[in-house]
Amino acid sequence: MTTTDLPTTALRARHRAVLPAWLATYYREPIELTHGEGRHVWDAEGNRYLDFFGGILTTMTAHALPEVTKAVTEQAGRILHTSTLYLSSAMVELAEQVAALSGIPDAKVFFTTSGTEANDAALLLATSFRRSNQILALRNSYHGRSFSTVGITGNTAWSPTSLSPLQTLYVHGGVRESGPYARLTDAEFIAACVTDLQEMLGQAEGTVAALIAEPIQGVGGFTHGPDGLLAAFKEVLDQHGILWISDEVQTGWGRTGDHFWGWQAHGQAGPPDILTFAKGIANGMSMGGVVARAEVMDCLGANSISTFGGSPITCAAALANLRYLLEHGLQANARRTGTLLRAQLESARPKLPIVRDIRGRGLMLGVALTDAAAATATLEHARSLGLLIGKGGRAGDALRIAPPLSLTEAEAREGGELLIEALRRADAEREPAATGAEPRA
């Protein structure tokens, strides 16, 4: 069978014909993943890959996790859908668990179908509670693809329009290694960012509703400020009654290893007023949500429902998945295997001129490269070696490493070796002008 005869080749053509041109896919020749098990997936041609991206940090525990598969199958055999117009014991139980885990006092939970929708709902709550459409966001941020969340996204590569129902004010703090504060110490960096926030508030007209921030910027390339930055921000916010929304869509559920939530790296000032989540909670089923103090959650003066949020089948998956994560200590495993993987990369870094920076924590690691071409080449080489990774950064120059949290130490070492080899190959292909060296044989 020739390449043009392969089923995936025909599928690519059909995809291009009926789906939007702006619907991004990875690889020069996009692949279809047909099944998975543990930390591995297979494509339509039968190629096996070690999955270090988990469907954009969404396969949180493992592919085809028996406990989740069983819960989904059993629930599907009873009833798939009811809507929030009816009581649901699974939704109530999950909300109780998430509220307790959130750290937010007197918390209530609203379930959605995605992180975008969760952030959209958080913005609705904050602007209604504060009676203001002014939002503070970090530069280089990403909060979703809806009209309102695009309007607060500071990463211009993912913000297709400047039109927005919100007035967004962007502050420093999301990127540590570049920009005007890069050469400062961590303490000086925090102080400079706080001053920038205060200056911005001095220029704002009227009431500001909220600051929304990712503790580690996901699409931004896993960049983040020093621990304690958001706590310092919160001291300023509290002086003005401004709400803090922690976007935990990618940092939640123990992925960072050190903490269950990303905000806990900034916990000196206490929990956020609003927390959003999605991605891994249901291990691939479509679920997101918002946690907020009761007075904030209950502030809306009109009726509302959710047709699909908190459905019986997604709640069944989430309950099984969360139970597995907690009972098997996957947060500690993320810390252990993430530390091992980072050490591998740091050890190889001196011989990889293509690498500018290694950042992140736990099993949420970013590798910043010299340019977007280097990241694209590394992505391709990794796939050819049997490793799936992600890409991000405003310039598309960063790799995103985020395996399922059940990753074994052997798999961490294997994946690290494959990634290092992919980086070596990409580095060897760089144009002589980019390195200042003679062409390589």
Side-chain angles (χ1 to χ4, degrees), residues 26 51-60 115 137-144 153-155 157-158 173-179 182 186 189 213-227 229-230 246-259 261-266 278-280 334-335 337-346 349 352 354-372 374-376 378-379 382 387-405 407 412 415-416 419 422-423:
Y26 275 165
D51 186 3
F52 265 36
F53 201 39
I56 320 179
L57 293 82
T58 300
T59 304
M60 182 167 70
L138 298 186
R139 300 178 185 190
N140 196 52
S141 59
Y142 175 83
H143 298 288
T153 287
N155 185 327
W158 292 87
V175 181
R176 179 69 183 90
E177 75 280 355
S178 64
D186 283 352
F189 182 93
E214 306 157 273
I216 298 177
Q217 295 185 329
V219 172
F222 291 176
T223 62
H224 58 92
D227 289 357
L229 172 66
L230 297 179
S246 186
D247 179 345
E248 301 277 354
V249 169
Q250 298 196 34
T251 50
W253 317 112
R255 176 164 290 282
T256 67
D258 293 334
H259 307 285
W261 303 106
W263 72 259
Q264 290 170 322
H266 311 268
K279 295 290 186 188
R335 181 171 57 249
T337 54
T339 298
L340 188 158
L341 181 56
R342 181 164 189 156
Q344 273 184 283
L345 296 173
E346 294 284 7
R349 182 180 174 183
L352 294 169
I354 199 172
V355 176
R356 288 192 299 107
D357 188 34
I358 298 172
R359 58 209 183 198
R361 61 204 317 163
L363 287 179
M364 192 174 181
L365 297 176
V367 182
L369 304 185
T370 50
D371 51 45
T376 298
T378 305
L379 198 78
L387 179 70
L388 302 186
I389 56 177
K391 192 172 69 164
R394 189 177 66 83
D397 58 357
L399 305 176
R400 293 197 285 165
I401 315 301
L405 303 190
L407 185 75
L419 178 56
L423 288 164

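Bear in mind the structure is a predicted one, so any value in this text is a computation, not a measurement. Below, all heavy atoms of this structure are taken into account, side chains as well, without hydrogens, waters or symmetry copies.
Contact record, Asp227 with Arg361: OD1-NH1, 2.8 Å, taken as the closest heavy-atom pair. Of all the heavy atoms in Gly221 and Ala398, the pair that sits closest is CA-CB, 4.0 Å. In this structure, Gln217 and Leu138 approach most closely via the heavy-atom pair NE2-CB, 3.7 Å. Among all heavy-atom pairs drawn from Arg255 and Ala334, the shortest one is O-CB, 3.8 Å. His266 and Leu230 make their closest contact through ND1-N, 3.1 Å (heavy atoms, listed as atom of the first residue, atom of the second, distance). Minimum interatomic distance between Ala412 and Thr337 (heavy atoms only, all atoms of both residues): CB-O, 4.1 Å.
Using a distance-only test at 3.5 Å, with no hydrogens or angles considered, a donor-acceptor pair links the side chain of Arg400 to the main chain of Gly218. Thr223 places a side-chain N or O within 3.5 Å of a backbone atom of Gly174 that can act as its donor or acceptor partner.
Counting heavy atoms from C-beta outward, Val175 and Arg139 have side chains that stay 4.5 Å or more apart. Pro215 has its side chain out of reach of His224: every pair of non-hydrogen atoms, C-beta onward, lies at least 4.5 Å apart. At least one side-chain heavy atom of Glu214 sits less than 4.5 Å from a side-chain heavy atom of His143. Two residues are said to be in side-chain contact when any heavy atoms from C-beta on lie closer than 4.5 Å; Arg359 and Ile216 fail this criterion. Put simply, the side chain of Leu345 does not reach to within 4.5 Å of the side chain of Leu352, judged on heavy atoms. For the pair Thr376/Lys391, a side-chain contact is recorded, criterion being any heavy-atom separation below 4.5 Å from C-beta on. Residues Thr378 and Leu419 are in side-chain contact: their nearest non-hydrogen atoms beyond the backbone lie under 4.5 Å apart. Side chains of Val219 and Gln250 form a contact here, defined as non-hydrogen atoms less than 4.5 Å apart.
Distance CE/Met364 to OG1/Thr256: 8.5 Å, rounded to 0.5 Å. Thr339 OG1 to Glu346 CD: the interatomic distance, rounded to the nearest 0.5 Å, is 11.5 Å.
By the side chain to side chain donor-acceptor pair (under 3.5 Å) test, Arg356 is found to be paired with Asp397, residues two or more places apart in sequence or in another chain being considered. Annotation: ring-ring contact (aromatic ring centres under 6.0 Å, His included) contacts of Tyr142 (sequence neighbours excluded): Trp158.
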Trace of the side-chain contact (heavy atoms from CB on, under 4.5 Å) decision for Arg335 with Asp258: CA-CA 6 Å; Arg335 181 171 57 249; Asp258 293 334; 3.5 Å; yes

*Given side-chain contact (heavy atoms from CB on, under 4.5 Å), test Phe52 with Leu341 step by step and report yes or no.*
CA-CA 11 Å; Phe52 265 36; Leu341 181 56; 3.7 Å; yes

